[in-house]
2 protein chains.
Amino acid sequence: MKRLSSRQGTKQKKAPSRPARMSGEERKAQIVRVATELFARDGFKGATTREIARKAGISEAVIYKHFSRKEDLYKAIIDSRCTNPGGEPRLLSMLKGKEGREVFVIIASYLLEEHRRDSSFLRLLMYSALEQQSLSELFINTRGLEFLGFLETHIQSLIEKGCMRGVDPALAARAFIGMVEHYSIAQELYNAKSFFSRPERKVVEAFVDIFLNGMKRR
Amino acid sequence: MKRLSSRQGTKQKKAPSRPARMSGEERKAQIVRVATELFARDGFKGATTREIARKAGISEAVIYKHFSRKEDLYKAIIDSRCTNPGGEPRLLSMLKGKEGREVFVIIASYLLEEHRRDSSFLRLLMYSALEQQSLSELFINTRGLEFLGFLETHIQSLIEKGCMRGVDPALAARAFIGMVEHYSIAQELYNAKSFFSRPERKVVEAFVDIFLNGMKRR
DNA sequence: CGGAGTATAGTAAGCACTCACTTACCAGGA
DNA sequence: TCCTGGTAAGTGAGTGCTTACTATACTCCG
């Protein structure tokens with residue numbers, strides 16, 4: 001009886017009994033997707049396997065078929081974030097061949113846009129740092145420091161070429177990233193999606209403007 | 001059975017059983033102090049009443065004599081932080097009568113020093129924002145936005161006087177606070193107490209220098 | 001004595017994680 | 001075409017532990 005043959009053709013999810021059967025890899029990816037959302041919202045400790053399961057429409061046991069511990073699931077999320085092709089590599093390729101002001105505009109736009117598009121990354125980052133996950137180092141190194149280093153080198157060479165003043169390039173890089181990233185962080189910190197909204201382009205212009213002018217030789 | 005009568009007669013404190021007796025207010029303040037540390041370390045959800053009690057050398061029940069719910073304890077912490085006299089009022093009084101470059105130096109020094117002295121505040125702030133505590137608004141408003149506003153007004157007047165370029169003063173204020181505050185936040189985010197350490201004075205000089213030069217009229 | 005301060009010993013609910021079991025699906029022989 | 005067994009995918013009902021929070025009795029001091 002109860003042949004579920006109908007499911008195949010129709011996409012209706014009215015039957016609450018069993019979820020759509022999935023291949024292992026599909027399911028695994030789905031779990032990671034749901035878990036990302038919840039870890040970003042509630043942190044590692046705050047997110048529960050129960051809710052992840054519920055939101056994925058499966059039982060908790062399925063999670064443990066794919067990930068032997070909650071921590072493994074977290075690790076999988078970080079891996080997927082660090083190796084995903086939409087990340088730093090994209091930025092670095094965008095920067096290829098660019099010079100002068102445009103470099104800074106691209107970096108600033110990238111950071112702002114990236115965060116607006118997907119605030120979960122920043123939240124994951126902040127949580128992982130606060131919770132002192134040992135895993136957070138991986139996170140930090142691949143997504144945090146890498147291009148701070150790039151910027152530092154870039155500024156260093158501009159100073160050597162005489163285009164910029166002799167400010168400590170590491171500090172200068174931090175100053176620039178700080179202006180831009182703090183703008184995004186503050187939207188989370190002050191949960192103020194609205195309290196301070198300017199067109200993204202205007203924000204970028206102002207920051208790049210202040211920074212480049214500030215670094216200009218007299 | 002197990003009559004603990006032995007304790008009664010002797011006054012020796014070799015028995016680790018009972019803590020020093022305290023007055024209600026003393027005990028309350030002590031609990032808040034310990035709890036602040038743990039909430040800052042682990043967040044609201046992560047911190048447990050059990051550990052707070054253990055670290056204060058008392059039983060959980062004592063906590064609940066003073067605070068009817070865990071949330072009340074959290075609220076007490078925030079109150080104590082917001083009304084504490086070492087906060088914004090101190091900064092604003094330091095700024096009184098100051099002008100020009102010095103204003104920015106004072107603000108930057110204040111932020112850096114404040115955080116170095118007590119990083120738990122920044123952690124509390126970040127946690128309360130991430131965990132979407134309804135209480136965080138109080139936190140934010142009294143300690144976050146207030147002097148962002150002050151800075152904005154100050155910059156506005158400098159622009160009107162013709163000392164600075166006509167950049168959106170709100171954006172300029174954010175840029176400056178961003179540079180400075182991000183420096184502190186990054187020490188938590190990248191848990192890099194060491195990876196990037198410059199003398200505080202140098203950091204302040206560099207940031208103020210870049211910012212003021214960037215805002216100068218041509 | 002009375003009451004503030006404290007401990008012991010709970011409670012019910014929630015947590016990560018497990019296990020014995022059921023279902024859906026596919027391959028291949030009749 | 002239908003039957004059948006192997007297996008991956010999924011489950012419900014746990015386990016033992018931890019959580020926030022409580023009921024109640026004991027101890028000290030004014």
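Per chain, numbering begins at 1; letters A, B, ... match sequence-line order.
Under the side chain to side chain contact (heavy atoms under 4.5 Å, CB included) criterion, B:R50 pairs with B:T48, B:E60, sequence neighbours left out. For A:K202, the salt bridge (charged side-chain N to carboxylate O under 4.0 Å, His left out) test picks out no residue, with sequence neighbours left out. With sequence neighbours excluded, no residue forms a side chain to side chain contact (heavy atoms under 4.5 Å, CB included) with A:K65. With sequence neighbours excluded, the residues that form a salt bridge (charged side-chain N to carboxylate O under 4.0 Å, His left out) with B:E51 are B:R41, B:R54. Here A:S68 pairs with A:D72 under the side chain to side chain contact (heavy atoms under 4.5 Å, CB included) rule; sequence neighbours left out. Listed by chain and residue number, nothing satisfies the ring-ring contact (aromatic ring centres under 6.0 Å, His included) test with B:F150 (two or more places apart in sequence, or in another chain). Judged as a ring-ring contact (aromatic ring centres under 6.0 Å, His included), and not counting sequence neighbours, A:H66 has no contacts. For B:R201, the side chain to side chain contact (heavy atoms under 4.5 Å, CB included) criterion is met by B:E205, not counting sequence neighbours.
Between the CD1 atom of A:I58 and the P atom of D:dA8 there is a distance of 18 Å, given to the nearest Å. Atom CD1 of A:I63 and atom P of D:dA8 are 21 Å apart (whole Å). Taking atom NE2 of A:H66 as the reference point, atom C1' of D:dT11 lies 13 Å away to the nearest angstrom. Here the P atom of nucleotide D:dA23 and the NZ atom of B:K65 are 10 Å apart, to the nearest Å.
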Can you list, pair by pair, the side-chain donor-acceptor contacts under 3.5 Å of residues 28-37 of chain A, counting residues two or more places apart and other chains?
{"residue": "A:Q30", "atom": "OE1", "partner": "A:R27", "partner atom": "NH1", "Å": "2.7"}
{"residue": "A:Q30", "atom": "NE2", "partner": "A:A56", "partner atom": "O", "Å": "3.2"}
{"residue": "A:T36", "atom": "OG1", "partner": "A:V32", "partner atom": "O", "Å": "2.7"}
{"residue": "A:E37", "atom": "OE2", "partner": "A:K55", "partner atom": "NZ", "Å": "3.4"}

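A heavy atom closer than 4.0 Å to some atom of DNA chain D occurs in no member of residues 28-36 of chain A.
The CZ atom of A:F39 sits 5.0 Å away from atom CD1 of A:I77, with the distance rounded to the nearest 0.5 Å.
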Check: protein-nucleotides 16-19 of chain C nitrogen or oxygen pairs below 3.5 Å:
{"residue": "C:dA16", "atom": "OP1", "partner": "A:A47", "partner atom": "O", "Å": "3.3"}
{"residue": "C:dA16", "atom": "OP1", "partner": "A:K70", "partner atom": "NZ", "Å": "3.0"}
{"residue": "C:dA16", "atom": "OP2", "partner": "A:T49", "partner atom": "N", "Å": "3.0"}
{"residue": "C:dA16", "atom": "OP2", "partner": "A:T49", "partner atom": "OG1", "Å": "2.9"}
{"residue": "C:dC17", "atom": "OP2", "partner": "A:Y64", "partner atom": "OH", "Å": "2.9"}
{"residue": "C:dC17", "atom": "OP2", "partner": "A:K70", "partner atom": "N", "Å": "2.7"}
{"residue": "C:dC17", "atom": "N4", "partner": "A:E60", "partner atom": "OE2", "Å": "3.4"}

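In the helix from C:dC1-D:dG30 to C:dA30-D:dT1, the rotation axis of the first five pairs and that of the last five pairs differ in direction by 10°, rounded to 10 degrees.
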